[in-house]
Amino acid sequence: MASSLVSPSPASSFIRNKKYLGFSAFPSTSQISIQKCKKQVSKKIVSLMAPQQSERKPATTGSVKTGMTMTEKIFARASEKPQLSPGDNVWVNVDVLMTHDVCGPGSIGIFKKEFGEIAKVWDREKVVIIPDHYIFTSDERANRNVDILRDFCMEQNIKYFYDIKDLGNFKANPDYKGVCHIALAQEGHCRPGEVLLGTDSHTCTAGAFGQFATGIGNTDAGFVLGTGKLLLKVPPTLRFVMDGEMPPYLLAKDLILQIIGEISVAGATYKSMEFVGTTVESLNMEERMTLCNMVVEAGGKNGVVPADSTTFKYLEDKTSLPYEPVYSDAHASFLSEYRFDISKLEPLVAKPHSPDNRALARECEDVKIDRVYIGSCTGGKTEDFLAAAKVFVASGKKVKVPTFLVPATQKVWLDLYTLPVPGSGGKTCSQIFEEAGCDTPASPSCGACLGGPKDTYARMNEPKVCVSTTNRNFPGRMGHKEGQIYLASPYTSAASALTGYVTDPREFLQ
Amino acid sequence: MMVASLSHASYSATFTSSPSKTIVSRPSRFSPSFKVSTFLPLTVKPLNSTFTPHAQRAITAIAHATSTPSSIPSDTSTKTFHGLCYVVGDNIDTDQIIPAEYLTLVPSNPAEYEKLGSYALIGLPSSYATRFIEPNETKTKYSIVIGGANFGCGSSREHAPVALGAARAKAVVAESYARIFFRNSVATGEVYPLESEVRICEECRTGDVVTIELGESRLINHTTGKEYKLKPIGDAGPVIEAGGIFAYARKTGMIPSQSK
């Protein structure tokens, strides 16, 4: 399905802010898409340009609404405006603000300085405070930061504070959850149509629930704490249409690595990324979360997946708050559209040192590795561990390198010890991991995904080669500046652990 | 010496849903002594009349105003930055600007703010022979960072622009920015985030003496003699002009002013 090259003028309204064009040398985004289409027909990936709709101006006697994308609609509702276009700067009402132990203290400091020592947060039920980054460490400042969160939560009577006090035994802390983005989902704080902001770049994960979710800094968070609002610019939307049945050796991680490799680490800067198509519809919630999680690695402002029965079912037992999903209008305008035939894709890795340094896993099989890390908001959820277990079951062998397992939350940890793995004869993930010679699943937290204090479990303190289910592989990401990190799906990571080299999971799964 | 004094006054937080309280606002963490002294041109001779003592005081005050995200409006038409530049490449991510192990430092704590500054850009690989901050020092001698595409990509950590600002960098001139870093720079006022029209990271070298004239949207490299056009600040302009997100919100009536 080819589309004609359209004149730049309809697109120009989206190009008002040059910040979201990573390459100002190009005439317009549409031409790039078409060129890609011609070049890559043989690569089985076709990127196409959605027909640009000329915007209909409202009639003078009444309003004729122009179609809006999901993100535009969420902004419109949150800013109480009937109609918005990309580029509009509006004050939005925030439904949930999340912060954690790394950025919370700074945000609290700004809140108090700007609103006063005895100011109260705008809504004690809409602030969710989740210690998760530097928890199981003897670093005094890290421990102190959790104390700062606790003091604030007590003073403000914050309803949702997932506290931890006993660092020696995570299970002794009934409130503690673990990785914030997974905790938000599991505790029912992610709801379709809402605005969720968090002091963490991977807040975009929650877009899997059909809401607007993005990361902000301490100052913005301090502002939201006092007002419940933030000044945000409406982003234009890139649409990613993925159709076809997921092959048994691919996971959502492969899909997002494919996309980031396609558009680069700045390909979605200031833009929204909308994921639709039969493949996306077939994904469960945790897989959709993986997809949206790495939107920020493409520079994206937010990611969205339309809410459907899968979403509603997931939310059934998690929240009783009402929500109203929104969906892109049929005649909404998208900046670009990319189409993928999933059945033609292959397992991928992102080679050091960039998430867009895409390569086929099977073309990296000469890369000897030192360790494998399975964890983080990207790859430490229950589904991720079930996937890794599947590969170990198929192989029946032991890993050849240290294999670190860091469940994202307490719930995930529990699942590893209770859920039966399909096709294993009733074994749990933990049994399978033990038989395969992996490390014992660690205390749930962000762990070594971002290095952390020097005593963090699985931190890379020497230059090593690691295959990881995490989200970034810039120099020094997991600790050592000369460390080499290959980002991969749980399937690929488990396969690599079994051989001691970067390995395509089709070695074990077919 | 002109100083930015915040009003020590009470104001009611009527904006929140809780009963309004009378609050005394505390002095900003950006007490005048922080930035003013280091704005002086470093190892370079003052450039013509811009740096006469009188003008220097005015520039100092304006420069200080930019670093205080408060109620002091900043006048961009006369603002300049001057000093040595430090040149980096593309995709300088937040882990390189401030590695994660230092994130236990809380930026709103003055002592930890300074410490953060001492680690600015310490994550750059060893291929960068010249360090941004010498190993035995805590401040940088480079007022201006010149970068390539997608500067500040990666994490939302506000520690990144804070570290640069605390190290006494004044401005970043990059080909393009990652969204959250740009936003955090504007919100905090720690570094002025400017965009160049061309890849000046390929034409400037670390140690070159540069001047940025905001009103003219121009960067002058005195060492090479070349001039470059900078892009206008765009939508962030009003927020920067006001002095950061809080000042802008007060100016536009979104939150109550801190009354005298």
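Proteins come first, then strands; the chains are lettered A, B, ... in the order of their sequence lines, and each starts at number 1.
A side chain to side chain contact (heavy atoms under 4.5 Å, CB included) with B:Arg183 is found for exactly one of A:Thr219, A:Asp220, A:Thr214, namely A:Asp220.
In this structure, no portion of A:Asn471 lies under 4.5 Å from any heavy atom of chain B. When heavy atoms are compared at a cutoff of 4.5 Å, A:Lys481 approaches chain B solely by way of its side chain, counted from C-beta outward. The contact between B:Leu124 and chain A is made entirely by backbone atoms, counting heavy-atom distances below 4.5 Å. Proximity to chain A is absent for every atom of B:Ile92, based on heavy atoms less than 4.5 angstrom apart. Residue B:Ile180 touches chain A through its side chain alone, counting heavy-atom pairs closer than 4.5 Å.
Contact annotation: the side chain of B:Val106 never approaches that of A:Ile108 to less than 4.5 Å [non-hydrogen atoms, C-beta and beyond]. Residues B:Asp95 and A:Pro475 are not in side-chain contact: their nearest non-hydrogen atoms beyond the backbone lie 4.5 Å or more apart. Contact check for A:Ile216 versus B:Ser156: no side-chain heavy atoms found under the 4.5 Å cut-off.
Panel note: side chain B:Asn184, backbone A:Gly217; a donor-acceptor pair is recorded below 3.5 Å. Proximity of a side-chain donor or acceptor of A:Lys229 to a complementary backbone N or O of B:Met254 within less than 3.5 Å is not detected. A side-chain donor-acceptor contact under 3.5 Å links A:Asn145 to the backbone of B:Thr104.
By number of non-hydrogen pairs under 4.5 angstrom with chain B, the leading residue of A:Gly452, A:Pro453, A:Gly476 is A:Gly452. Ranked by heavy-atom pairs under 4.5 Å with chain B, the first of A:Val296, A:Asn89, A:Leu231 is A:Leu231. Among A:Glu297, A:Glu482, A:Arg144, the residue making the largest number of heavy-atom pairs under 4.5 Å with chain B is A:Arg144. Interface summary for chain B: among A:Ala221, A:Gly106, A:Gly299, the most heavy-atom pairs under 4.5 angstrom belong to A:Gly106. Listed options B:Pro125, B:Ser155, B:Pro161 were ranked by heavy-atom pairs under 4.5 angstrom with chain A; first place goes to B:Ser155.
With respect to the salt-bridge test (charged N to carboxylate O, under 4.0 angstrom), the residues B:Glu101 and A:Arg141 do not qualify. Electrostatic pairing of A:Arg472 and B:Asp93 does not count as a salt bridge here, judged by no charged N lying under 4.0 Å from a carboxylate O.
The two residues A:Pro105 and B:Ser108 have their closest heavy-atom pair at O-OG, 3.8 Å. For A:Phe223 against B:Ile255, the heavy-atom pair with the smallest separation is CE1-CD1, 4.0 Å.
Between B:Tyr248 and A:Trp91, the ring planes lie parallel to each other; the angle is under 30°, not in the 30° to 60° tilted range.
Between B:Phe246 and A:Phe115, the ring center distance clears the sub-6.0 Å criterion.
If you take CZ on B:Arg157 and CG on A:Asp200, they are separated by 9.0 Å, rounding to the nearest 0.5 Å. Here OG of A:Ser354 is found 8.5 Å from CG of B:Asn150. Values are rounded to the nearest 0.5 Å.
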A:Ser107 vs B:Glu158, side-chain contact (heavy atoms from CB on, under 4.5 Å): CA-CA, chis, key distance, verdict: CA-CA 10 Å; A:Ser107 305; B:Glu158 201 165 90; over 6 Å; no
Evaluation steps, side-chain contact (heavy atoms from CB on, under 4.5 Å), between A:Lys233 and B:Asp235: CA-CA 9 Å; A:Lys233 183 174 356 207; B:Asp235 288 344; 2.6 Å; yes
B:Arg250 vs A:Glu114, side-chain contact (heavy atoms from CB on, under 4.5 Å): CA-CA, chis, key distance, verdict: CA-CA 11 Å; B:Arg250 293 194 174 100; A:Glu114 295 289 345; 3.2 Å; yes
side-chain contact (heavy atoms from CB on, under 4.5 Å) between B:Leu103 and A:Tyr134, worked out: CA-CA 9 Å; B:Leu103 298 184; A:Tyr134 303 154; 3.9 Å; yes
